[in-house]
Amino acid sequence: MVIEQIGNIIEKRKQKVEDLKNLNINLFPNDFIVSHTVQDIRSAIKDSEDIITENEPVFVVAGRMMAINRFGKTSFIRLRDRTGQLQAYVRKDRIGDESYDIFKQLDIGDFVGLSGGMFKTKTGEWTLLVNKIKLISKAIRPLPEKFHGLKDPEKRYRKRYLDLIMNSDVREIFIKRSQIIHAIRTFFLDRDFLEVETPMMQPIPGGAEAAPFKTYHNALGIDLFLRIAPELYLKRLVVGGFEKVFEINRNFRNEGVSTQHNPEFTMLEFYQAYATYEDMMDLTKDMFSQVARVVTGSTSITYQGSPIDLEGEWKRMTLKSALEEIGGIEQSLLNDREGLLNFASSNGIKITKAGRLGKVITKLFDVLVEPKLIQPTFITRYPVEVSPLSRKNEKDPTMTDRFELFIAGREIANGFSELNDPADQRERFLEQVARLEEGDEEAHRMDDDYIEALEYGMPPTAGEGIGIDRLVMLLTDSPSIREVILFPHMKPKVE
RNA sequence: GGGCCGUUAGCUCAACUAGGCAGAGCACCUGACUCUUAAUCAGUAGGUUGAAGGUUCGAUUCCUUCACGGCCCA
C-alpha cells in the first residue's frame, strides 16, 4: 500500500532509469577515481588562492547532489561528501550538449563525480566549474524536503540513513561519539591499561543486577546468556596477571526502552590492581575532563540548560549523608527500615519490592537525591546488601568501599574496591541466590568458576563501569539515549 | 504498567473546536531562463486521512478497539 502511494514518484524515476539505460549510461559504475575531497579543495584554495584559476588545477571530487538549481543551459549543484559541501557550476557550453542532456535527467540525491577548476561566483563563493560530470549512483527514491528536513522521530530512528543525510546536527553527534570513544581509549592506553575483549555470550550472566537475554547454543546443547556486564571476566584477567585492563563493548539487559534505556548499550569497564575506589574517583575526574577537552574544547558544558563544570571540585559524600543533607531524612531514621518505609509512604514515595534496608535506602536516594545532583558528585559507602561484588569497609562492615558518580541528575559511573576474599564472595552469592529463588530475576547467580578464580588469589583491585551512551548524551547535550545510538531498538512496524 | 499527545501527498504542516467536495509550501512532472544558493515565473499531477469496527443521510472530524511513536510518571 505504501509502495502504491510513493509509486508515482518512483515510477517516474524508474522511467528515467530506463531512458538513461537506453542511452548506454551505466547507472551504477564502479570505476570513478576520486582524487579530492571537498575538504582537500578548500585547503588547496586556502593555501594558494592567487594561483587558482577556473582551468587549473583540476580537481576531481565525488558526492551526493543535495540541491540543483537549473537555469536552462546552466545549473548550480550543491555536492556533499563526508568532509563537507561544495557548490559546482555546470554549463552546457563547457560540458557539451550530449553530456548536458544526460545531466538534465539526473535528480537530487544522485551521486555524481565532477572534475574542473575553481572560480569565484559574483557573490564570492568558491565554486567548481565543471568540465566533466559523471553519474556514479542513481537514487530511485526522493529525499525528504530540503528545508524542513526529516523531523518525525519515529522515521528518523527507523531510517537513520535519511536522518544522517538530512540533519547535520545528527551527523555531528555521531562524529562526536566516535571521538569520545577514541579519547577514552587513548586515555587508558596512555596509562598502561591493556584493552581486552571478554565473552558476550556467558553461561552464567553476572556482574550486575539485571534480567538477561537468553539464547541457545545448538552444538554444545546449552543455554547461554547475552552478557549484562563483563565484570567477572575482567577480574579473572586480573587474577591472570593483567593488572590494568579495560573493555569498551556492548551489554544487554532485558528491560524496557525509554529515553534512558536501550536493551543493548555500550559500557566501559576498567580494573586496576593495587588501587582503591578512591584512586578510581581521581582517575574518573581526570578522564572526564580530558575527554571533554578533546571533544568539546572545554571542560564547561551545558546539559539541557544546566551549566556543568567538569574541572571544578567534584564533591564526595556518603550515601547516608546525602540522604540526610539533600534528601532531608533524619539521621536517626537511616538505620530504621520500617521508619524509612513510613517516611516514604507519608511523602508519597512508592517503594515496590522494598527488600532489605539497603534496598530501601537506595530507592529513597533515587527519588530524593539523584535528580538534585547536577554538578559531578561522587556518592560513597553503599550498603553491603546492594553491593555483592564490593569490598567491605574496614571500619563499618555493613558498608562497602564503593561509589557512584552522578552528573546532571543521572548515574553515570559505578566503581568500587573489589571483593577479593573468595569465602566472603561465596556468602554474598548465596544471599543473592536466595533472592533469585524468591523470584527476583535481577539477582546475581552463583558463579563457582569465578570463586575458584578468586581462590587462586586476586591482588587488591579497584574497578569501575561507565555508561558510554550516557556520557555521550552529556557531552552532546542529547535528551534521549536514542539520539546517541545509531540504530536504537524499535518495535517492528507492521505495514 | 499508567496518564497525556500524535499518526493526513515523497517531506513539513493545515482542515478537527461546532461532522458537509481534503488544502498549502517544498519535492516531482511540463515549459521559460547562462551567477543561483529555501532561485524565479507559468502550468500539470499527486490522497483508501495508521488499521478495524460503530454512530450518522454524510466521518480526517464523534465513539470503541488495535498498531506504532513522542513526552511525563511508575
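All chains are named by letter (A, B, ...) in the order of the sequence lines, taking the proteins before the strands, and each is independently numbered beginning at 1.
Applying the side chain to side chain contact (heavy atoms under 4.5 Å, CB included) rule to Arg250(A) yields the partners Met200(A), Phe252(A), Glu264(A), Thr266(A); only residues at least two apart in sequence or on another chain are considered. Listed by chain and residue number, Phe365(A) satisfy the ring-ring contact (aromatic ring centres under 6.0 Å, His included) test with Phe406(A) (two or more places apart in sequence, or in another chain). Residues passing the side chain to side chain contact (heavy atoms under 4.5 Å, CB included) test with Thr299(A) are Ser289(A), Arg293(A), Leu310(A), Glu311(A), sequence neighbours excluded.
Between U48(B) and U60(B), the distance separating the two P atoms is 12 Å to the nearest Å. For the P atoms, the distance linking G20(B) with G3(B) amounts to 30 Å, nearest Å. Of the C1' atoms belonging to C41(B) and U36(B), the separation is 15 Å, rounded to the nearest Å. One C1' atom belongs to A74(B), the other to C4(B), and the distance between them is 15 Å to the nearest Å. The P atoms of A9(B) and G47(B) are separated by 10 Å, rounded to the nearest whole Å. Rounded to the nearest Å, the gap between the C1' atom of U61(B) and that of U8(B) is 12 Å. G23(B) and A45(B) have their P atoms separated by 13 Å, with the value rounded to a whole Å. Using atom P as the reference point in both A24(B) and A18(B), the two lie 27 Å apart (nearest Å).
Using a 4.5 Å heavy-atom threshold, the side chains of Thr400(A) and Pro383(A) count as separate.
In this structure, CZ of Arg13(A) is placed 7 Å from P of C28(B), rounded to the nearest angstrom. Following rounding to the nearest Å, Arg156(A) (CZ) and G6(B) (P) show an atom-to-atom distance of 20 Å. Atom CZ in Arg158(A) sits roughly 16 Å away from atom P in G50(B) (whole-Å rounding). Remark: C1' of C29(B) and CG of Leu106(A) are 16 Å apart, rounded to the nearest angstrom. Atom-to-atom, NZ of Lys16(A) to C1' of C28(B) comes out at 8 Å; the value is rounded to the nearest Å. Between Leu143(A) atom CG and A27(B) atom P there is a gap of 13 Å when expressed in whole angstrom units. When rounded to the nearest whole Å, the span between CG of Asn167(A) and C1' of U12(B) equals 12 Å. As rounded to whole Å, 7 Å separates atom C1' of C35(B) from atom CZ of Phe119(A).
Within residues 473-490 of chain A, the residues that place at least one heavy atom under 4.0 Å from RNA chain B are, in residue-number order, Arg482(A), Met490(A). Applying a 4.0 Å cut-off to non-hydrogen atoms, the residues of residues 48-71 of chain A that approach RNA chain B are Asn69(A), Arg70(A), Phe71(A), listed by residue number.
In this structure, a donor-acceptor pair under 3.5 Å is absent between the side chains of Ser43(A) and Asp40(A). A donor atom on one side chain and an acceptor atom on the other are not found under 3.5 Å apart for Thr74(A) and Arg91(A). No side-chain donor-acceptor contact under 3.5 Å links Gln375(A) and Asp309(A). Side-chain atoms of Gln15(A) and Asp19(A) form a donor-acceptor pair, as typed in the model, at a separation below 3.5 Å. Side-chain contact, Thr121(A) with Thr123(A): a donor N or O sits under 3.5 Å from an acceptor N or O. A side-chain N or O of Asn335(A) and one of Lys320(A) form a donor-acceptor pair less than 3.5 Å apart. Looking at Gln85(A) and Arg80(A), their side chains do bring a donor and an acceptor atom within 3.5 Å of each other. Checking Ser75(A) against Tyr100(A) by side-chain atom types alone, a donor-acceptor pair falls below 3.5 Å.
When heavy atoms are screened at a 4.0 angstrom cut-off, Lys122(A) is found touching base atoms of the nucleic acid. At a threshold of 4.0 angstrom between heavy atoms, the contacts of Asp93(A) include nucleobase atoms, whether or not backbone atoms are also involved. Base contact: Thr123(A) has a heavy atom under 4.0 Å from a base atom. Residue contacts shown for Gly149(A) are limited to sugar-phosphate atoms, with no base heavy atom under 4.0 Å away. Counting any heavy atom pair closer than 4.0 Å across all strands shown, Lys120(A) reaches no nucleic acid atom. Using a 4.0 Å heavy-atom distance criterion, Lys155(A) is classed as a sugar-phosphate-only contact. Nucleic acid contact for Tyr157(A): sugar-phosphate only, since backbone atoms but no base atoms lie under 4.0 Å from a heavy atom of the residue. Within 4.0 Å (heavy atoms only), Tyr100(A) reaches no atom of the nucleic acid at all.
Between Lys151(A) and U12(B) there is no side-chain polar atom (N or O) within less than 4.0 angstrom of OP1 or OP2.
Considering only side-chain atoms of Lys73(A), the nucleotide from U34(B), C29(B), U36(B) that sits closest is U34(B). Residue Phe76(A) places its side chain closer to C35(B) than to any other of C35(B), A38(B), G69(B). Of all nucleotides listed (C68(B), C35(B), C11(B)), C35(B) comes nearest to the side chain of Tyr89(A). Here the nucleotide nearest the side chain of Asp107(A), chosen from U37(B), C29(B), C71(B), is C29(B). For Ile9(A), whose side chain is taken as the heavy atoms from C-beta onward, the closest listed nucleotide among G10(B), A38(B), U34(B) is G10(B).
Relative ring orientation between Phe119(A) and Tyr89(A) is described as tilted, the plane-to-plane angle lying within the 30° to 60° band.
With hydrogens and angles ignored, a donor-acceptor pair under 3.5 angstrom links the side chain of Glu125(A) to the base of U37(B). Contact of Arg91(A) with U34(B) (side chain to base): a donor-acceptor pair of N or O atoms is detected under 3.5 Å.
Figure legend: cation-pi geometry between Arg160(A) and Phe174(A) absent, as NZ or CZ is not positioned both under 6.0 Å from the six-membered ring centre and within 45° of its axis. A cation-pi geometry, defined here as NZ or CZ lying under 6.0 Å from the six-membered ring centre and within 45° of its normal, holds between Arg445(A) and Phe225(A).
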Problem - Dot-bracket encoding per residue of RNA chain B, Watson-Crick/G-U cut-off under 3.5 Å, | denoting interstrand - result: (((((((..((((......[..))))..((((.......))))......(((((..]....)))))))))))).
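Each of His148(A) and Thr127(A) was assigned the nucleotide of RNA chain B with the nearest heavy atom; the assignment lying further toward the 5' end belongs to His148(A).
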